[in-house]
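First up is the structure itself, then whatever we jot down about it.
Here is the naming used below: chain letters follow the sequence lines, and residue numbers restart at 1 for every chain.
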Amino acid sequence: MFESPTIAEFLAGSNLASTLPGTLLLTWTLILVLVDLFAGEDRAHWTPVMACIGLGISFLANLFVYAPAEGEQIALYGMFVADAFTGFLNMVILVATLIAILMSWDYLNRADIHRGEYYILALISSAGAMFMVAANDLIVIFVALELLSIPLYILSAFRSIKNDGSDLALKSEESGMKYFILGAFSSAFLVFGAALVYGATGATNIPQIFSLAGGIVGETSSAAFYLLIGAALLFVGLGFKVAVVPFHMWTPDVYEGAPTPVTAFMSVTAKIGGFAALLRLLVTGLSVLVLAEGGAAVWQSTATVIAILTLVLGNFVAISQRSLKRMLAYSSIAHAGYIMVAVAAAGTANVIDAATQGALIYMMAYMFTNLGAFAVVMAIEREDGSGGNIEDITGLARSRPLMAMAMTIFMLSLTGIPLTAGFVGKFMVFASAIQAGLFGLAVIGVLTSVVSAFYYVRVVVNMYLRDGSAELQPALETQYVRWAINIALAGTMIFGIFYPLATNLVSMVSIA
Amino acid sequence: MDVTGLSLTTITLFLPMVGLAILLFMNGETQKANLKWVAFATSVVTFVASVLMWVNFDPSTAGLQMVQRNTWAEVSLGESVINVSYFVGVDGISMLLVLLTTFIMPISILGSFGSHIFEERGREKLYYIFLMLLEWSMIGVFVVHDLIIFYVFWEVTLVPMYFLIGIWGSEERIYAAVKFFLYTMAGSILMLIAILYVGNRAGTFSTYSAGGDIGVIERVQTWEAEGTYWDALGPEGESEDAGFLFNSVESWLFLGFLVAFAIKVPIFPFHSWLPDAHVQAPTAGSVILAGVLLKMGTYGIVRFNLNLFPEATVAWAPTIAFLGVVGIIYGAWVSYAQDNVKKLVAYSSVSHLGFVVVGIFALNAQGLQGATLQMVNHGISTGGLFLIVGMLYERWHTKEMADYGGIWKVMPLFGGISLVISLSSMGLPGLNGFIGEFTILLGSLGSDYLGFAFTLFATLGVIMAAVYLLKMFQHVFMGELKRPLSGEDGYKLTWSEKAAFIPIIIMIFWMGIQPIVFFNLLDVSVDSIVALFVR
């Protein structure tokens, strides 16, 4: 029978050290709850400052996890894996959270809803994303997903805590509600899928699923059937989280209604968490699902179809949007499509590493660029929520030349023009697709990025080529949102121009 | 061959970036007057550097010279790791086009000196920054020999040109700028897919072999000897086989590259962005667009399509050359029908570049040499024509030919210069245009791949060029003066305008009278390409 381990044995087996980045952040956040509770009104700025410090501590701890010589570390009895994949994405998530907090600071002050809970929720969500990228077990995926999502539901509705009956408060409430219901719905899919996979294989641990599934696939048994259905349901559940077509319906409304920094934050972290889990699940766990010996995994064709649908719908519908936030919402759907291209490419056995690395670089590039774009949008929004339309940035190049230049670079990066991070991401993703022999997918991918150029360039046209007077909010004379833009800009430029930096960072990532 | 040291090519390539850096730090009103001087000085220094390259260039050796190659990044594709390298160097063709670029830049900057666009639109600093960025990326396109870095430079040229047209252009500038951007991007992005396939299949992105690493070109030749080819799955048919055009990997790769280049050239029917972009662009923009940017397309065909896909080149040669001939006739025809003088010159580019295309796909030494020389000739004479149009517009603020007339009477020097440039453009013997067109026609006549009809119809284009250019000259410069300017001063050419014309006139005569200097530069480089197509 099962012997309960001694405490020493428990600690040795749990290998807590390698979970430190996430657990430290979570612990820090719990301390922050108390600090926020007892700090008076006049010390309201303590919470965001301490939140940033927490991110810094977690970042330092993560450097040890990421240390390439160590190889992969299994922790918490196989539930948790700390490898270069985890380490890299942890860094991306932490930087994203930092930028989002810098944006929020100004936003909350402007909207007069400055509450410490906001930062605490953001940090919890960020810790959830960090657990998700390290999840090595279906149960951990689920728990981490909830930890990531539940704070986001609250944050989406955050504007409505000042219930003045304004349009903004209502929209924010609607956003939170919609996100919550669809999120709960997708979690149900995920759990049901996990249950079926467990029923088929008898394991929830992803590497174990890999070894056990190998025996099932060949047979024509009910187990193989349940495994497939389970895998499909897991795909659907995570598909909702990363907002790929046809599971994207909630995205535009939720993104538009939520406070802008929250939109920026969730458009990045939720996608990173979702794609990380999807990659681990499909590549580490289910790459054994092949039709013929040495062939591509069965989910490759599914991923290809989803990628094509996502690319086409996201990019074409974005064209017709007037609101910048909605445009960026649809463009974020399209970018999920590009990452999906890499996921599809990972279905071919000898491309797995290249495709995973491509997906990671794409996520990093997308993180910097998208957060930067949202920061600029936030900077030009008015307090009543108007001013976020494409006409409202007309003439920004005259009133704010530096901000217009930053926005131009973000738009070029989202389009995938060389010398920006976006190009490096697209290049890696398409290179892996070509290597996997998915030529049609690659061609559709590049053609839709021409379509995307149409609406991204329109932003540049309005800023530079038309005359107008886009004015900034006086409340934004504070430095924080500028810092957010600067960090995002630096990331976009540095990783775009010094291409090897990005590739070196992910060169030892391997999750096969 | 020194492959790691800092080569003269690198210095020339990055000089514009030095200028750009200086411009970035020039703020305030006092500095405003100096902006153009910094830009001009940078472009002159770059030109001097490229002349130094020419002096150092040994036309009798084949292959690249003044090479520098450093590994830039390692891309892991599946099990293999592929290097992306910073790989620059010049052969005769690159050398000539680098010279053209650095020659056109100071001229177009001089052409902007007296311009009124800044009074209306301002942002002078940004303007010169974009010009420097453009020069850097254009030189880059002509000197790099790594497919990925080539693609980077190729796409980067889009951004400054887009802003030049969009901010400082005429009334319809926004439409023209967006059309230019989207049209050319749509073409070049398919090239990215083809590049990735090539790199994946050949195991390298370098086109030429250097420092012990085998380049794509050499690999293609080994495959041919082995009987395997671009299709990784197995041997592939010869160009004569049925179904080669649409069923072979090589053919699709060829098209992936060709569409990108054809849009840039532009080869008929991909030309519809050109009249808009040319007409709306500011003078310097038009000069650079016609003078250099279009040559990036024809250069790309020579450098990549011919070298990497010889079988497909042979298979597609008649079709593309046919489109070239259609372009010659169509461009000339439409050009004749224009009332807008700038549009007339723009369409004449379609016609002239048609000659270049025919010359390239004649696939023999004369054709290719003529084509390369014609690229330079067209850059000089059409660049000159756009300068003329720009100076007319500065004075009369109209582009309609009907509004002009009799300008020769009031501006005799300007009229004379314009006559020389027009004659050069229509290919008068003794001037540069004749040399290029004549050699191309000679090449197409002796070609193994093109028939007599190609030469016949191309020759018609020479006659039609005379028709539309003389029409323009007659309408604008001869007859009665329709719209006298209010003051006499307006008729005088400023010193910067004169200075811009002097090098153009010198080159027109030099290349016309002593073409052997330029043919020598090309001889060996062209032969190494043509060797692929000897039957």
Pairs of heavy atoms under 4.5 Å with chain B: top-ranked of A:Thr408, A:Val446, A:Val461: A:Val446

Closest-packed option against chain B by number of heavy-atom pairs under 4.5 Å, given A:Phe498, A:Phe439, A:Phe427: A:Phe427

Centroid separation under 6.0 Å, is that true for the rings of [Y] and [X]?
{"X": "B:Phe181", "Y": "B:Trp273", "value": "no"}
{"X": "B:Phe257", "Y": "B:Phe309", "value": "yes"}
{"X": "A:Phe423", "Y": "B:Tyr151", "value": "yes"}
{"X": "B:Phe153", "Y": "B:Trp136", "value": "yes"}

Donor + acceptor pair across side chains of A:Thr86, A:Asp83 (<3.5 Å): yes

Per-residue contact mode, B:Ile195 against chain A (heavy atom under 4.5 angstrom): neither

Winner by heavy-atom pair count (cut-off under 4.5 Å) against chain A, out of B:Ala186, B:Ala177, B:Gly169, B:Gly256: B:Ala186

Winner by heavy-atom pair count (cut-off under 4.5 Å) against chain A, out of B:Leu126, B:Ile167, B:Val178: B:Ile167

Interface moiety of [X] toward chain B, non-hydrogen atoms closer than 4.5 Å:
{"X": "A:Leu412", "result": "side chain"}
{"X": "A:Thr348", "result": "neither"}
{"X": "A:Val460", "result": "both"}
{"X": "A:Ile497", "result": "backbone"}
{"X": "A:Ile434", "result": "both"}

Sequence-distant partners of A:Phe85, ring pair (Phe, Tyr, Trp, His ring centres under 6.0 Å), two or more places apart: none

Counterpart residues, salt bridge (Lys or Arg N to Asp or Glu O under 4.0 Å), relative to B:Glu172 (two or more places apart): none

